[in-house]
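These notes are about the structure you will find just below.
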Amino acid sequence: MVGKDDVEAKPPCHPRACAIQGSYSDPMGNNYNEARCQDVIKALYTCCESFYKRHGDSASSPSCPKPSLLRLKMKQLNGAK
């Protein structure tokens, strides 16, 4: 679940975007492997989804993909076609 602080961060969802960078460079062996960082990627997308629900599709954050791309990414992560 995404905390209110993540959506209200300046910029919105920025802590989640930073967590992705940390996951990619994790010294425990992620070695920039996206598959090993799926949990933090999904957390960012979930935060962005909450952000757009709260502020509308016209809102923007440098940490979030555009709403149409976000919806596609969420479908992909959830295994839908």
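Just so we're clear, the structure is a prediction, and the values are computed from it rather than from any experiment.
Every residue meeting the side-chain contact (heavy atoms from CB on, under 4.5 Å) condition with Ile20, not counting sequence neighbours, appears here in chain and number order: Tyr24, Val40, Ile41, Leu44. With sequence neighbours left out, Lys42 forms a side-chain hydrogen bond (donor to acceptor under 3.5 Å, both in side chains) with Asn78. Not counting sequence neighbours, the partners of Pro65 by the side-chain contact (heavy atoms from CB on, under 4.5 Å) test are Tyr45, Cys48, Leu69, Leu70.
A side-chain donor-acceptor contact under 3.5 Å links Ser61 to the backbone of Pro12.
When all heavy atoms of His14 and Ser63 are compared, the pair lying nearest together is CA-OG, 3.4 Å.
For the two cysteine residues Cys64 and Cys13, the thiol sulfurs sit 2.5 Å or further apart.
If you take OG on Ser68 and NZ on Lys73, they are separated by 11.5 Å, rounding to the nearest 0.5 Å.
Clustering ILVMFWY residues whenever any of their side-chain heavy atoms sit less than 4.5 angstrom apart, transitively, puts Phe51 in a cluster other than the one holding Leu72.
Pairs engaging residues 61-72 under the salt bridge (charged side-chain N to carboxylate O under 4.0 Å, His left out) rule: Asp57-Arg71 [sequence neighbours left out].
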